[in-house]
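Accompanying notes for the structure given below.
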Amino acid sequence: MAKWGNCNFKELKKFQERLEKMSKANLQKFCKEVSKELTDKQLSKVIKKTSTQEDKFMLHISEKELNAELPKLIEEKLAQYINEVFK
């Protein structure tokens with residue numbers, strides 16, 4: 001019979017524990033915090049634009065700007081969240 005060698009499952013066990021910790025983490029709280037931050041950013045952009053110009057489309061323009069930044073912002077927040085969970 002062939003020998004498969006030695007195997008150390010400590011890292012795999014540690015990874016399993018981290019995944020369990022992540023599943024128990026409050027994901028809903030994280031989503032609410034990110035949503036609030038995004039809302040604050042958009043409101044800030046709208047206020048900044050409407051104070052210099054009188055235009056009824058400032059909310060729409062600010063929304064487009066935020067949508068362009070959205071993937072990067074969410075990726076950063078998610079990476080931060082995962083790092084906190086896996087400490």
Side-chain angles (χ1 to χ4, degrees):
M1 180 149 220
K3 275 190 134 183
W4 287 83
N6 295 331
C7 188
N8 186 348
F9 290 101
K10 286 182 183 178
E11 290 297 317
L12 189 57
K13 182 67 176 170
K14 207 184 282 187
F15 182 67
Q16 177 191 9
E17 290 169 358
R18 288 178 174 172
L19 286 177
E20 287 174 4
K21 182 179 177 185
M22 188 172 177
S23 70
K24 293 176 184 176
N26 195 347
L27 189 58
Q28 187 173 11
K29 179 182 175 189
F30 166 76
C31 290
K32 283 182 180 181
E33 288 174 0
V34 171
S35 296
K36 184 179 181 330
E37 184 174 332
L38 292 174
T39 303
D40 290 345
K41 280 187 178 285
Q42 183 164 5
L43 183 59
S44 173
K45 287 177 178 283
V46 170
I47 290 171
K48 187 187 220 180
K49 290 190 182 326
T50 55
S51 64
T52 60
Q53 300 175 11
E54 291 296 322
D55 193 350
K56 59 184 178 184
F57 298 109
M58 289 304 144
L59 179 60
H60 183 68
I61 293 168
S62 297
E63 182 182 356
K64 283 186 171 184
E65 288 176 358
L66 188 62
N67 281 340
E69 299 171 8
L70 204 57
K72 181 182 174 194
L73 293 171
I74 292 176
E75 185 178 322
E76 289 172 357
K77 290 294 178 184
L78 190 56
Q80 183 181 21
Y81 173 75
I82 290 172
N83 285 336
E84 288 175 14
V85 170
F86 278 93
K87 280 184 180 179

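The model shown is predicted, which means the values in this text are computed figures rather than measured ones.
Across every non-hydrogen atom of V46 and M58, the tightest pair is CG2-O, 4.2 Å. Here the shortest heavy-atom pairing between L66 and L38 reads CD2-O, 3.6 Å.
Residues forming a side-chain hydrogen bond (donor to acceptor under 3.5 Å, both in side chains) with D40 (at least two apart in sequence, or on another chain): K36. N67 pairs by the side-chain contact (heavy atoms from CB on, under 4.5 Å) definition with E63, L70, not counting sequence neighbours. With sequence neighbours excluded, the residues satisfying side-chain hydrogen bond (donor to acceptor under 3.5 Å, both in side chains) with E65 are K49. For E17, there are no salt bridge (Lys or Arg N to Asp or Glu O under 4.0 Å) partners at least two apart in sequence or on another chain. Under the rule for a salt bridge (Lys or Arg N to Asp or Glu O under 4.0 Å), the partners of K14 that lie at least two apart in sequence or sit in another chain are E11. Contacts of Q16 classified as side-chain contact (heavy atoms from CB on, under 4.5 Å), with partners at least two apart in sequence or in another chain: K13, E20.
Separating the NZ atom in K29 from the SG atom in C31 is a distance of 12.5 Å, to the nearest 0.5 Å.
Between L78 and V34, the closest side-chain pair of non-hydrogen atoms is not below 4.5 Å.
Residue pairs meeting the side-chain hydrogen bond (donor to acceptor under 3.5 Å, both in side chains) criterion with at least one partner in residues 73-82, sequence neighbours excluded, are E37-K77.
Exactly one residue among K64, K45, K41 makes a salt bridge (Lys or Arg N to Asp or Glu O under 4.0 Å) with E69. That residue is K45.
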